Amino acid sequence: MAIRLAKPADLAATSRIAFRGFSLSPWNPFYRPRAKQFPEDVQNSYLHEQQEALGNDRKIFSVIEVPAGEKQEIVGFAIWNLTASQPSKATPVKVDFVQFEDRSVDKYRGVLLWGATESAVERCFKDHMELDNMAVDPDHFRKGYGTLLCKHGMDIAAGDKVPIGIIAAKMGTYLYSSLGFKTKVQVTLADPRPGKEATVDFWVQKLENNSEDC
């Protein structure tokens, strides 16, 4: 078992893991109500996001792989945003971006959710290394791989002496709390449009040893 930096050849596996893992998040039905109609759009959106991460030296894109017969199988990944003061951890890799239209997304809810999370990052995570997103293949849940990926990022932050923060959906709060993260704010968002009413929550969490309020 090993954690290493991602490379272009990993993207087929990591985008599939994102598709399978994030489909279980309560965020998914909120801002992707048409995900079942357009599954290729959903996976392509994750692929595009990961392609961008490979080309950005202010991000760390890592994968965890385990033995599978004579080969290694990628079972999870994490993408972290570095602070301005942290040195780059990888050489950016240029790739040809997938071209697609994401028909799965409700644009109103997408703007609502991502606008709120970006605002929380700006308000609460100044000079913090931040977990952008992390997923483990559901076939490998409860084997400790999410914990290892998160600890890998925590070790990098500790080595660079920077604080660390996470914007979490409910399904992630249990893992992060077990690693010492404390909830600073819980935010509930609502779509008030008649006939489309829905809500979704996210949690702003910081490590206990750098847990200043937002």
Side-chain angles (χ1 to χ4, degrees), residues 1-25 27-28 32 35 39-82 86-100 102 104 129-160 162 164 166-169 171-181 207:
M1 181 170 54
I3 295 177
R4 60 167 175 78
L5 292 173
K7 52 191 178 183
D10 300 329
L11 293 176
T14 55
S15 62
R16 178 184 61 83
I17 290 169
F19 176 81
R20 298 192 69 213
F22 293 146
S23 69
L24 303 176
S25 169
W27 291 9
N28 202 63
R32 290 191 186 277
E40 290 185 4
D41 292 1
V42 177
Q43 185 159 342
N44 278 334
S45 74
Y46 297 134
L47 174 59
H48 189 274
E49 180 179 302
Q50 292 170 5
Q51 289 173 328
E52 289 183 329
L54 277 180
N56 188 339
D57 68 354
R58 305 316 303 155
K59 291 181 180 287
I60 306 170
F61 182 6
S62 57
V63 299
I64 185 167
E65 56 184 7
V66 300
E70 297 180 356
K71 299 181 179 180
Q72 294 289 311
E73 177 186 2
I74 295 173
V75 296
F77 72 88
I79 300 174
W80 297 84
N81 295 323
L82 298 173
Q86 287 178 273
S88 298
K89 309 301 179 182
T91 301
V93 179
K94 292 184 178 181
V95 295
D96 293 328
F97 287 102
V98 61
Q99 300 298 318
F100 73 104
D102 192 349
S104 72
M129 183 171 147
E130 177 222 347
L131 180 60
D132 191 331
N133 61 77
M134 180 175 73
V136 172
D137 190 308
D139 288 344
H140 295 276
F141 277 3
R142 296 179 176 85
K143 296 181 181 179
Y145 298 140
T147 297
L148 291 172
L149 283 164
C150 199
K151 285 184 174 180
H152 179 255
M154 293 164 66
D155 288 344
I156 292 172
D160 291 341
V162 297
I164 190 169
I166 292 173
I167 301 291
M171 63 186 294
T173 58
Y174 306 105
L175 167 61
Y176 306 135
S177 295
S178 73
L179 293 172
F181 288 85
L207 271 181

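Bear in mind that the values here come from a model prediction, so they are computed numbers and not experimental data. In this chain, numbering begins with 1 at the start of the sequence shown.
Residues meeting the side-chain contact (heavy atoms from CB on, under 4.5 Å) test with Arg16, sequence neighbours left out: Arg20, Gln43, Asp137. Listed by chain and number, the residues in a side chain to side chain donor-acceptor pair (under 3.5 Å) with Ser104 are Arg32, Asp102 (sequence neighbours excluded). Considering only residues two or more places apart in sequence or on other chains, Asn44 meets the side chain to side chain donor-acceptor pair (under 3.5 Å) condition with none of them. With sequence neighbours left out, the side-chain contact (heavy atoms from CB on, under 4.5 Å) criterion links Pro67 to Gln72.
Between Phe181 and Leu175, every side-chain heavy-atom pair lies at or beyond the 4.5 Å cut-off. Here the side chains of Phe141 and Pro138 are in contact, with some heavy-atom distance below 4.5 Å. The side-chain heavy atoms of Glu73 and Asp139, taken from C-beta on, include no pair separated by under 4.5 Å.
Note: Met171 CE to Phe22 CZ = 9.0 Å, rounded to the nearest 0.5 Å. Between the CD1 atom of Ile156 and the CE atom of Met129 there is a distance of 5.0 Å, given to the nearest 0.5 Å. The CD1 atom of Ile166 sits 7.5 Å away from the CG atom of Leu179 when rounded to the nearest 0.5 Å. Expressed to the nearest 0.5 Å, how far CZ of Phe19 lies from CG of Asn28 amounts to 8.5 Å. Distance OH/Tyr46 to CD1/Ile17: 13.0 Å, rounded to 0.5 Å. Put simply, CD on Glu65 and CE on Met1 are 11.0 Å apart, with the number rounded to the nearest 0.5 Å.
Contact record, Leu82 with Pro87: CD1-O, 3.7 Å, taken as the closest heavy-atom pair. Residues Leu131 and Tyr176 come closest through the heavy atom pair CD2-OH, 3.4 Å. Counting all heavy atoms, side chain and backbone alike, Ala135 lies closest to Ala18 at CB-CA, 4.4 Å. What you find for Ser45 and Phe100 is that their closest heavy atoms are CA-CZ, 3.3 Å. Minimum heavy-atom separation, Asp10 to Leu5: OD2-O, 4.3 Å.
Taking the six-membered ring for Trp and thresholds of 30 and 60 degrees, His48 and Phe97 have ring planes inclined between 30 and 60 degrees apart.
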Report all side-chain donor-acceptor pairs from residues 142-153 shorter than 3.5 Å, counting only partners two or more places apart or in another chain.
unit_1	atom_1	unit_2	atom_2	d
Lys143	NZ	His140	ND1	3.1

Please list every donor-acceptor pair under 3.5 Å in which a side-chain atom of residues 49-61 meets a protein atom from a residue at least two apart or in another chain.
unit_1	atom_1	unit_2	atom_2	d
Glu49	OE2	Asn133	ND2	2.5
Gln50	OE1	Thr14	OG1	2.6
Gln50	OE1	Ser15	N	3.2
Gln50	NE2	Thr14	O	3.2
Gln51	OE1	Val98	N	3.1
Gln51	NE2	Asp96	O	3.2
Asn56	OD1	Arg58	N	2.8
Arg58	NH1	Gln86	O	3.3
Arg58	NH1	Ser88	OG	3.3
Arg58	NH2	Thr83	O	2.4
Arg58	NH2	Gln86	O	2.7
Lys59	NZ	Asn81	OD1	2.5
Lys59	NZ	Asp132	OD2	2.7

